[in-house]
Amino acid sequence: MTEYHPAKIEPKWEKKWEEQKLYQIATQQPRNTATKKFYDLVMFPYPSGNLHMGHVRNYAIGDVIARFKRMQGFSVLHPIGWDAFGLPAENAAIKNKSHPADWTAKCINQMTKQLKRLGISYDWSREVTTCKEDYYKWTQWIFLKFLGKELAYQKKAMVNWCPDCQTVLANEQVKEGKCWRCDSPVYEKALKQWFLKITDYAQRLLSDIEKLSGWPEPVKIMQRNWIGKSRGVEIKFGVAPFSSQVLNIYTTRPDTLFGVTYMVLAPEHPMVDKLTKGTKYEKAVQAFKEKVKHETLHEREESSGKEGVFTGAYAINPANNEEIPIWISDYVLMEYGTGAVMAVPAHDQRDFEFAKTHNLPIKVVIKDGNRDALPRACRGVQSQVSDNKAFIDEGIMVNSAQFNGQPSPDGLKNIGDWLVKKGVGTWKTNYKLRDWLISRQRYWGVPIPVIYCDKCGVVPVPEKDLPVKLPKNVRFTGKGSSPLAQVAEFVNTKCPKCRASAKRETDTMDTFICSSWYYYRYTDAQNKTQAFAKEKVDHFMPVDQYIGGIEHAILHLLYSRFFAKFLYDQKLVPTDEPFKNLLTQGMVIKDGAKMSKSKGNVVDPDDIIKKYGADTARLFILFAAPPQKELEWSDKGVEGCFRFLNRVWRLVTQIINCKPQATNPELTKKTHQTIKAVTEDIERFSFNTAIAKMMELTNELSRANDKDPEAIKALLILLSPFAPHITDELWNKLGNKKSIHQEPWISYDPALIKEDELTIVVQVNGRMRDTIKVSATAEKNAVICAAKASEKVKNFTSGKQIVKEIYVPNKLVNLVVK
RNA sequence: GCCAGGAUGGCGGAAUUGGCAUACGCUGCGGACUUAAAAUCCGUUCCCCGAUAGGGGCUGAGGGUUCGAGUCCCUCUCCUGGCACCA
């Protein structure tokens, strides 16, 4: 009998699988004529250089599903690729004086080796790399489709600007308001940028969440909140000194209109200058504007104080013609609504704080219905606004003319309709979702395929000229404008329309664009003339199972849904939702904290594979916790899984030379029960309990004197999706010629699972007192009689009256006594 | 602050529909094998009373519904994640 040496057997099988192209979809043997497809997708990695445990978890989960579905006879698409553009490559290039392309290629090479060493059953012939020309050509092509439908456009937008590095920074590069590289404060700066009009799809992105029955509820809630739909009224306020001017505000609470005591504009609001020009307030207002402008993003977000200045102007409340002062403050955002709000300090917490700070009046118009059913005038009403809190709940309208006495939800509707009738209001729907800023002043990304011509303006690069190639000879200093702007050969070109000299766009695209459509490319990865052929996407889409980290719950998944809807509208793809089922895996942690270099609690997958083998690594990571939950790493737990595989090894190698023995009916029953349980557990992603049940079967088989070959065959097949190497080796040792991974999934015989004797729990007054064995066919009365006959039960029933008998078939009897 | 999720032995976790709480693994303890150790195997391990039989208690805290609650409802505490001036 040989010993279990994973290091010897695992690479051998990986090589064989690759040679036999076992996992390429074309080579999978269809088991029946009507083979159904199953698209099993894991979130492709950023090639950072090394696989970490989070990757291992993601890919181990994906692989169990792929192997299981394949054995069930599905034609499984299980691809992998690289989200290869992005900032880290550029930073590494600056640091190591290398080229991002070389650095990325090296990382991909290293991680490919690691993935292959894990024995994940990918179809490598469909590998997709987003930084390669044959991929980003089609990313540009899709961009042009957006441009053609006017869903890609340019506008000025605020970006993070580092005055020292003379460059734009991504949000994650701004650490506490300072540049991560030079530590100088980061400011907001308006730059002309490219956007995708995702807001056009806001309503569909919201409504279609209902279609996603296979998605976890928390992810759907996060997306709903992110889209942030609200219903309200846009109201016109007259401006006192300029009767011709109006200011539009947006409110979700028109019921509080009579409680407006002032108005606040965003400092950037275009009316601010008009209102203050030449007045004594101009100086203070300009100073405040200037201050806000120079406030870093961080400062503006963090400033809890309600700062602001009076503009000297007054607005007229259309409800009661009251004049109210107009202020400006940084708590009002230009980007949302109309950039102006009506302030109701009695019923809005922010307005309340602002009013307190600046001594502005507070007027109650909604009375707490719970405190006093009668909205008697408004005496005493002031008291419900305590020293530090506005009353923001629903209540009864007061101080609101003809609306007095109405419940505020009715008042909300009635005042809104009243304003519409008067011609000063419009019902409006607003979304928090903003258009997607996709320009990056970076090198390592997809060039935006656009040319600027003095005569023709913005000209899309014609499809036949794609891809717009990223030039290789670029200097990386990390300073100055976009690196591409410094490459004359790239920038200077001819206008495709008029052939005059023209300049290329030098910004590149946000990498989230690359990852918003990669799952389509997998369906036809080697297509040289199209992004993907219609019949291929039609066959494979949608993704049947998508697996990845919860950290992508909003951005990646929302962007992908947006792309899917757009491509669906262009009749390029068959469904308007890309991912049918979603599994969000939890983090891998150690000592209660996320693994990180700074904490020194990183476990390197390579070390685990070296010591115990890939099968043990995979098994532990699936056994230690359910996939959705956090997983606490435990070295001892890994050893436990290694011991289990050793037990399986000994169990199987022991019987190789033995003659088949008579089967033991108890073992057969246990085997078939295990087949049923493991199958059901895999289907509901309960991999940890599936493994526990295989351990039980193994323990029982080891203890049994007669080794049942059928049971051992079943155990190996059940275990093969989890531990593919050892099972293929043992399968081979048992004399099988074909790989175990080409076997069909094993089914159980319901007749063999049936217990002919059942254990029934007997309770007295709901407390367990005894268990009795009865025949599986026993009638209710017989079971209750047997229960009453139990000596232990009698101890609790004697001398008492049985008032109720509860019988749950096959499970329990409960005798209620008095 | 708002939204979501969670709390079960010394630890990771199980209990799928309200029906034997703690499966499986780890750790600890005891034993077998061995000159010895490792490996392996066997037993044991929620707490309390008890030699055993047996009994009592226990799923973050308190209350409720029910013949019966880890599971359903209400109140509270703590933890984790997401969002956060969105008018």
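Small disclaimer: the values here were computed from a predicted structure and weren't measured.
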Candidate nucleotides [options], ranked by approach to the side chain of [X] - the nearest:
X      : options                : answer
A/K636 : B/rG82, B/rC26, B/rA14 : B/rC26
A/R769 : B/rU16, B/rG56, B/rA14 : B/rG56
A/T689 : B/rC20, B/rA15, B/rC3  : B/rA15
A/K629 : B/rC20, B/rG13, B/rU16 : B/rG13
A/M695 : B/rG25, B/rG13, B/rC20 : B/rG25
A/E632 : B/rG12, B/rC3, B/rG82  : B/rG12
A/N688 : B/rA87, B/rA14, B/rC67 : B/rA14
A/F796 : B/rC85, B/rG56, B/rC20 : B/rG56

Please report, rounded to the nearest Å, how far the [atom2] atom of [N] is from the [atom1] atom of [X].
X      : N      : atom1 : atom2 : result
A/F642 : B/rG25 : CZ    : P     : 17 Å
A/I249 : B/rA87 : CD1   : P     : 12 Å
A/Q654 : B/rU40 : CD    : P     : 14 Å
A/I392 : B/rC2  : CD1   : C1'   : 10 Å
A/E630 : B/rG12 : CD    : C1'   : 12 Å
A/F237 : B/rA87 : CZ    : C1'   : 12 Å
A/W226 : B/rC83 : CH2   : P     : 6 Å
A/F620 : B/rG12 : CZ    : P     : 12 Å

Would you say [X] reaches [N]'s phosphate, i.e. side-chain N/O to OP1/OP2 under 4.0 Å?
X      : N      : result
A/N646 : B/rA39 : no
A/N814 : B/rU66 : no
A/Y250 : B/rA87 : no
A/R767 : B/rG19 : no
A/R643 : B/rA38 : no
A/R650 : B/rC41 : yes
A/K792 : B/rG54 : yes

### Query
Which residues, if any, of residues 426-437 of chain A bring a heavy atom under 4.0 Å of RNA chain B?
A/K432, A/R434
### Query
If you find the nucleotide of RNA chain B closest to A/L812 and the one closest to A/G637, which residue's nucleotide is nearer the 5' end?
A/L812
### Message
Quick check on RNA chain B: between A/G766 and A/K693, whose nearest nucleotide comes earlier from the 5' end?
### Response
A/K693
So what's [N] paired with, Watson-Crick or G-U wobble, going by both distances under 3.5 Å?
N      : value
B/rC26 : B/rG10
B/rC33 : none
B/rG81 : B/rC3

With a non-hydrogen cut-off below 4.0 angstrom, is [X] in contact with a base, only sugar-phosphate, or nothing?
X      : value
A/G640 : sugar-phosphate
A/S230 : sugar-phosphate
A/E696 : sugar-phosphate
A/V808 : base
A/N225 : sugar-phosphate
A/Y4   : nothing
A/D351 : nothing
A/T252 : sugar-phosphate
A/I806 : base

Between [M] and [N], how far apart are the [atom1] atoms? Round to whole Å, please.
N      : M      : atom1 : value
B/rG13 : B/rA21 : C1'   : 13 Å
B/rA38 : B/rU45 : C1'   : 24 Å
B/rG10 : B/rC29 : C1'   : 13 Å
B/rC42 : B/rG55 : P     : 31 Å
B/rU71 : B/rG9  : P     : 15 Å
B/rG82 : B/rC72 : C1'   : 28 Å
B/rA69 : B/rU65 : P     : 11 Å
B/rG5  : B/rA87 : P     : 23 Å

### Summary
Expected label for B/rG9 (glycosidic angle, syn inside 90° of 0, else anti) would be syn
Check whether the side chains of [X] and [Y] place a donor and an acceptor atom closer than 3.5 Å, and report yes or no.
X      : Y      : value
A/T671 : A/T674 : no
A/Y431 : A/Q203 : yes
A/T429 : A/R231 : yes
A/N317 : A/E322 : no
A/D770 : A/S790 : yes
A/Y336 : A/S230 : yes

Mind checking whether [X] and [Y] have parallel, tilted or perpendicular rings, split at 30° and 60°?
X      : Y      : answer
A/W633 : A/F620 : perpendicular
A/H552 : A/H556 : perpendicular
A/W436 : A/Y559 : parallel

### Task
Report yes or no: is there a donor-acceptor pair, N or O only, under 3.5 Å between the side chain of A/E217 and the base of B/rG5?
no
### Query
So, do A/F644 and A/F623 have ring centers that fall under 6.0 Å from each other?
no
### Message
Quick check on side chain to side chain contact (heavy atoms under 4.5 Å, CB included): which of A/M342, A/K236, A/M271 does A/L247 satisfy it with?
### Response
A/M271
### Query
Side chains of A/I209 and A/W215: does their closest heavy-atom pair fall under 4.5 Å?
no
